[in-house]
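Below, chains carry the letters A, B, ... as their sequence lines are ordered, and counting in each starts from 1. Given the structure is predicted, the values throughout are model-derived calculations rather than measurements. The figures that follow rest on heavy atoms only: side chains count, while hydrogens, waters and symmetry mates do not.
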Protein chains: 2
Amino acid sequence: MTATAPEAHPAGPGPHPAGRRERKKQRTREALVDAAFRLFAEKGFDGTTVEEIADAVDVSSRTFFRYFASKEDVALTFQEEQHAAMLSALTDRPADEPVLTAVRRAVVGIAVACERGDLGFDPDRFECMMTLTADSDNLMAGSLEHAQKKQAILTRAIAARMGTDPATDLRPHVVASSVIAAFHAAADALTTDGLGFERLSDAVDAAFELLEAGLNYPSEGARPE
Amino acid sequence: MTATAPEAHPAGPGPHPAGRRERKKQRTREALVDAAFRLFAEKGFDGTTVEEIADAVDVSSRTFFRYFASKEDVALTFQEEQHAAMLSALTDRPADEPVLTAVRRAVVGIAVACERGDLGFDPDRFECMMTLTADSDNLMAGSLEHAQKKQAILTRAIAARMGTDPATDLRPHVVASSVIAAFHAAADALTTDGLGFERLSDAVDAAFELLEAGLNYPSEGARPE
DNA sequence: GGCTAAAGTGTCATGAAGTGACACTTGTCG
DNA sequence: CGACAAGTGTCACTTCATGACACTTTAGCC
């Protein structure tokens, strides 16, 4: 869930000016996320109970649900951050790039950053997320739903870049959903060897290249005149 | 006990030679689906419990779960059938149509059929599904997951049409996911008025048109040389 | 017809997710 | 310090989901 977003200054080494209560809350939240991922990595998503996560941090499971709306939610923190980073990267793209190109570079940039452990999160955890999502139906469903919800924001960002209004123009909607689709296809492609992708960033780049080039391929049965 | 069958069937010679057991099972299943949709329409998806559905058909809730893996599952019967119909329509398209075009016509054809109540299911229920999915997060997640799972099949169908191998060619993956994305974008667009779509089939057609034409629109900031 | 094996179902028990109510503790601020 | 609010624990409860076991119905066979 969206934190109340107090101060966003990770650079401050000293004590945060935001009051003890807020700091403690933040620490508990992070501890829950850490414990959750440790346990997920160890026993899988479905194999881990909320109670175990809460116990590992020494809070009641009731408290867990005061920080996260569901068990999925704690795992999806990640995608939340990635998505935010991606949006920010998108607005940083030069204004004259065509939309798909801009989105492509933004997404690939984030993927590379994740793989290298920049952006503040651990690349292992990034890897872990992919595994978890792949083998828990519940988490997969949650992940898809999350993406779906974020799509509206992406649609607006894309519309802004196109200088159009998403309330009256279907195009940004189709672009946004296709973009997310391409991303998912890429994530999928990673697990299918034979396609020969080592890194997510490579797969994403390839998928977007196809999307940019247009998808209306001829059928096999088409007779060349 | 519990022999109070709601609909007494004429004890005459069964027209179906398929065995009484099988017929009874089928009837129970259909009764569950019917009751579920009736209750969903009345009280919403989240507002309806499995027990209520089971009670309405006079079976135990344990039995409900012998027919459906989850509460979502019973609602998704529908998408299951639509998807199957769509695949079948796709293979019926002329062999020389380019892929996107073929998929577009198949999907639009199914949408029209649904709206008209052909294909054996009730158009009201079709409408109901859209409403339900829109206001239950759980059902939305389930629906998305279902689509995701079916995507693999669509990918193969598209690959077959292109005469290529999905294990070594990324294109059918991207096409399949984009196609599903376009469909979702269309479903979304229906609820956004201002886009001016009355029927799903119209929205789908428009979304596919955009997809076919290519999505890499210029940004507003692009300076025309 | 009657017997048997298996399919289908009900009942009971259990586990885990998620929520509401209420009291207790602790940080914040005057 | 004292009042107030935020955060938390505990308890009770609902719902989804699954496993175990016994009972009933059906199918198949003699």
Side-chain angles (χ1 to χ4, degrees), chain A residues 1 3-7 15-32 35-36 39-40 43-76 136-139 141-142 145, chain B residues 1-6 9 11 13-14 16-32 36 39-40 43-76 136-139 141-142 145:
Chain A
M1 291 300 248
T4 34
E7 78 286 23
H16 295 358
R20 178 141 75 215
R21 190 174 263 165
E22 207 56 41
R23 266 175 288 138
K24 194 168 181 180
K25 206 162 77 166
Q26 199 54 36
R27 251 187 294 131
T28 302
R29 190 191 156 86
E30 278 164 26
L32 281 171
L39 288 165
F40 289 162
K43 319 167 58 170
F45 181 79
D46 293 321
T48 304
T49 70
V50 169
E51 200 176 3
E52 287 169 328
I53 301 172
D55 281 352
V57 185
D58 205 32
V59 297
S60 74
S61 38
R62 189 67 187 84
T63 293
F64 174 93
F65 285 108
R66 290 192 177 102
Y67 282 90
F68 304 97
S70 66
K71 194 169 72 165
E72 283 79 23
D73 201 34
V74 65
L76 263 28
S136 163
D137 283 356
N138 290 333
L139 187 51
E145 194 199 341
Chain B
M1 40 197 301
T2 72
T4 45
H9 43 289
H16 292 302
R20 179 142 75 214
R21 188 175 268 167
E22 208 56 40
R23 267 175 288 139
K24 195 170 181 179
K25 205 162 77 165
Q26 198 54 36
R27 250 187 296 132
T28 303
R29 188 190 157 86
E30 276 165 27
L32 281 170
L39 288 164
F40 290 160
K43 321 168 55 170
F45 182 78
D46 294 321
T48 304
T49 69
V50 170
E51 199 175 3
E52 287 169 328
I53 302 172
D55 281 353
V57 185
D58 204 33
V59 298
S60 73
S61 36
R62 187 68 186 86
T63 294
F64 174 92
F65 285 107
R66 290 191 176 104
Y67 281 90
F68 302 99
S70 65
K71 194 169 70 165
E72 283 79 22
D73 201 34
V74 66
L76 264 26
S136 163
D137 284 356
N138 290 334
L139 187 51
E145 194 199 340

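Here the side chains of B/Leu139 and B/Phe40 are not in contact, with every heavy-atom distance at 4.5 Å or above. With contacts defined as side-chain heavy-atom distances shorter than 4.5 Å, the pair B/Lys71/B/Phe68 does not qualify. Taking 4.5 Å as the limit, some side-chain heavy atom of A/Val74 sits within range of a side-chain heavy atom of A/Phe64. Counting heavy atoms from C-beta outward, B/Thr63 and B/Val57 have side chains that stay 4.5 Å or more apart. Side-chain contact check for A/Lys43 versus A/Glu52: some heavy-atom pair is nearer than 4.5 Å.
The minimum heavy-atom distance linking A/Phe45 with A/Ala75 is given by the pair CE1-CB, 4.3 Å. Taking all atoms of both residues into account, the shortest heavy-atom contact from A/Thr48 to A/Ile53 is CG2-CG1, 3.8 Å.
Closest to the side chain of A/Arg21, from the set C/dG10, D/dG7, D/dG9, is D/dG7. Each of C/dG27, C/dT9, D/dG9 was ranked by its minimum atom distance to the side chain of A/Arg20; first place goes to C/dG27.
Heavy atoms of A/Asp58 sit under 4.0 angstrom from primed sugar atoms or phosphate atoms, though from no base atom. Among the atoms of the strands shown, only primed sugar atoms or phosphate atoms (P, OP1, OP2) are found under 4.0 Å from some heavy atom of A/Ser70.
Within the structure, a side-chain polar atom (N or O) of A/Lys25 is placed less than 4.0 Å from OP1 or OP2 of D/dG7. At D/dT8, one or more side-chain N or O atoms of A/Tyr67 fall inside 4.0 Å of OP1 or OP2 (strictly under the cut-off).
What separates CG of A/Asn138 from P of C/dA17 is a distance of 10 Å, to the nearest Å. The separation between B/Asp73 atom CG and D/dA17 atom C1' is 13 Å, rounded to whole Å. Across the protein-nucleic acid pair, A/Asp46 atom CG and C/dA17 atom C1' stand 12 Å apart, rounded to whole Å. Atom pair A/Leu32:CG and D/dG7:P shows a separation of 14 Å (rounding to whole Å applied). Counting to the nearest Å, the C1' atom of D/dT25 and the CZ atom of B/Arg23 are 14 Å from each other. Note: CD (B/Glu22) to C1' (D/dT26) measures 12 Å, nearest angstrom. In this structure, the CG atom of B/Asp137 is 19 Å from the P atom of C/dA17, given to the nearest Å. Atom CZ of A/Arg29 is separated from atom C1' of D/dG7 by 15 Å (rounded to the nearest Å).
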List every contact pair, protein side and nucleotides 12-15 of chain D side both N or O, where the distance is under 3.5 Å.
none

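Residue order along DNA chain D, read from the 5' end via each residue's closest nucleotide, puts A/Thr28 first among B/Phe65 and A/Thr28.
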